[in-house]
Visitor: 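Dumping the structure here so I can ask a few things about it.
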Amino acid sequence: MTHRTSCSQEILTLAATAVPDVAVIALALAAGRGAGLSIIEALQHSVPSTKSVLLVDTYTRDVVVDAFRAGAKGILDRSRDLDALCRCITAVANGDIWANTREIQYLIEAIGPTSKRVVNSKGERLLTSREEQVRLLVTEGLSNRDIAATLNLSEHTVKNYMFHIFDKLGVSSRIELILYGQHHSAAAYSPPNGGIPASSTNSS
């Protein structure tokens with residue numbers, strides 16, 4: 001089922017009623033240029049099961065970064081053909097992130113590498129020391145092969161670490177992993193009453 005409208009409120013109403021698997025939202029709507037980002041963010045809260053793809057006329061670094069920060073699972077140039085749109089929607093519906101190498105690099109540069117470990121709501125470590133090393137190298141844009149060379153590991157071992165990291169954090173792509181680290185790092189965690197974040201017993 002498909003619906004087409006440029007009215008922001010109508011988009012939210014339709015999404016709440018139809019609960020689509022994927023919503024393709026244009027950056028510029030009747031409410032103004034950039035309104036699509038607000039819609040994507042609103043859908044994250046009102047219809048969390050619906051995944052969003054941002055449709056743009058031109059790419060800029062800020063648009064790409066803002067799109068993924070708002071909760072978009074993909075970004076697509078309006079000039080791409082119908083086949084590309086279908087492949088994008090299918091990939092996002094299946095839980096993947098739709099982004100090219102340049103867009104991923106924009107995101108990495110905007111967020112920047114962090115030395116802070118990822119923690120849960122209680123400030124407890126979620127990954128082993130070695131898994132944290134691998135995650136941090138991912139945020140620097142390194143491939144599995146580069147990570148293997150840096151840590152003196154086999155590429156197969158790095159792939160195993162990536163599998164465990166994705167499984168523990170509930171992510172399915174490098175972009176999601178980068179965003180997860182941004183929102184769940186020890187730096188972002190403020191323990192209650194000024195307490196010290198707890199450490200887990202995970203080991204490498």
Visitor: Which value, rounded to the nearest 0.5 Å, describes the distance between Ile178 atom CD1 and Glu140 atom CD?
Guide: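 The CD1 atom of Ile178 sits 10.5 Å away from the CD atom of Glu140.
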
Visitor: Does Arg80 have any side chain to side chain donor-acceptor pair (under 3.5 Å) partners at least two apart in sequence or in another chain, and if so, which?
Guide: none

Visitor: Can you measure from CG (Leu55) to CG (Leu85) and round to the nearest 0.5 angstrom?
Guide: 7.0 Å

Visitor: Where do Ser49 and Val19 come nearest, in terms of heavy atoms and distance?
Guide: OG-CG1, 3.4 Å

Visitor: Do Met162 and Val138 make a side-chain contact, defined as non-hydrogen atoms from C-beta onward lying under 4.5 Å apart?
Guide: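 In short, these two side chains touch, coming nearer than 4.5 Å.
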
Visitor: Only one of Arg174, His156, Glu155 forms a side chain to side chain donor-acceptor pair (under 3.5 Å) with Asn144, so which one is it?
Guide: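 Only one option passes, and that is Arg174.
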
Visitor: Hey, could you give me the CG/OG1 distance between Leu151 and Thr157, rounded to the nearest 0.5 Å?
Guide: 10.5 Å

Visitor: Yes or no on side chain to side chain donor-acceptor pair (under 3.5 Å) for Asp62 and Thr60, after CA distance, side-chain angles and deciding distance?
Guide: CA-CA 5 Å; Asp62 289 342; Thr60 67; 5.6 Å; no

Visitor: For Ala72, check side-chain contact (heavy atoms from CB on, under 4.5 Å) against everything at least two apart and list the hits.
Guide: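 With neighbours one apart ignored, the set is Ile40, Ala67.
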
Visitor: Tell me the salt bridge (charged side-chain N to carboxylate O under 4.0 Å, His left out) pairs involving residues 81-98, sequence neighbours left out?
Guide: Asp83-Arg87

Visitor: Please give me the minimum heavy-atom distance between Ala15 and Pro20, naming the atom from each residue.
Guide: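 Reported closest heavy-atom pair: O-CD, 3.6 Å.
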
Visitor: Is it true that, when you exclude Asp21 itself, more than 12 heavy atoms of the residues, nucleotides or ligands shown sit nearer than 6.0 Å to its CG?
Guide: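 Not more than 12 within 6.0 Å, no.
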
Visitor: Mind checking whether Val63 and Ile75 have side chains closer than 4.5 Å, heavy atoms only?
Guide: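 Yes; the side chains approach each other to less than 4.5 Å.
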
Visitor: Just to verify, which of Leu76, Ile39, Val64, Leu27 counts as forming a side chain to side chain contact (heavy atoms under 4.5 Å, CB included) with Leu54?
Guide: Leu27

Visitor: Is Glu41 reaching over with its side chain to a backbone N or O of Ser38, donor-acceptor style, under 3.5 angstrom?
Guide: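 Not a single qualifying donor-acceptor pair exists.
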
Visitor: For Arg130 and Gln133: C-alpha separation, side-chain torsions, deciding distance, then whether side-chain contact (heavy atoms from CB on, under 4.5 Å) applies.
Guide: CA-CA 5 Å; Arg130 180 63 87 182; Gln133 287 180 313; 2.9 Å; yes

Visitor: Side-chain heavy atoms under 4.5 angstrom apart, residues restricted to Ile, Leu, Val, Met, Phe, Trp, Tyr: same cluster for Ile97 and Val56?
Guide: yes

Visitor: Taking side-chain contact (heavy atoms from CB on, under 4.5 Å) as the test, write out the residues that go with Ser143, two or more places apart.
Guide: Arg145, Asp146

Visitor: Taking atom CD of Glu132 and atom CG of Leu126, what is their separation to the nearest 0.5 Å?
Guide: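 Here the rounded value is 8.0 Å.
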
Visitor: Grab the two heavy atoms, one from Ala23 and one from Leu43, that are nearest each other, plus how far apart they are.
Guide: CB-CD1, 4.2 Å

Visitor: Partners of Lys51 by side-chain contact (heavy atoms from CB on, under 4.5 Å), sequence neighbours excluded?
Guide: Lys73, Val92

Visitor: With side chains defined as the heavy atoms from C-beta onward, is the minimum distance between Tyr161 and Leu153 less than 4.5 Å?
Guide: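 Heavy-atom side-chain distance check passes, below 4.5 Å.
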
Visitor: With hydrophobic residues grouped by side-chain heavy-atom distances under 4.5 Å, do Phe163 and Ile147 end up in a single group?
Guide: no

Visitor: Between Phe68 and Trp98, which heavy-atom pair has the shortest distance, and what is it?
Guide: CZ-O, 4.1 Å

Visitor: Could you list the residues that satisfy side-chain contact (heavy atoms from CB on, under 4.5 Å) with Ala42, not counting sequence neighbours?
Guide: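 Checked Ala42 against side-chain contact (heavy atoms from CB on, under 4.5 Å); matches are Leu12.
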
Visitor: State plainly whether one hydrophobic cluster holds both Leu37 and Val47, where clusters connect Ile, Leu, Val, Met, Phe, Trp and Tyr through side-chain heavy atoms under 4.5 angstrom apart.
Guide: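 Yes; Val47 is reachable from Leu37 via cluster members.
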
Visitor: Go through Glu131 and Lys168 one step at a time and tell me if the salt bridge (charged side-chain N to carboxylate O under 4.0 Å, His left out) criterion holds.
Guide: CA-CA 10 Å; Glu131 288 167 349; Lys168 286 182 178 181; 2.9 Å; yes

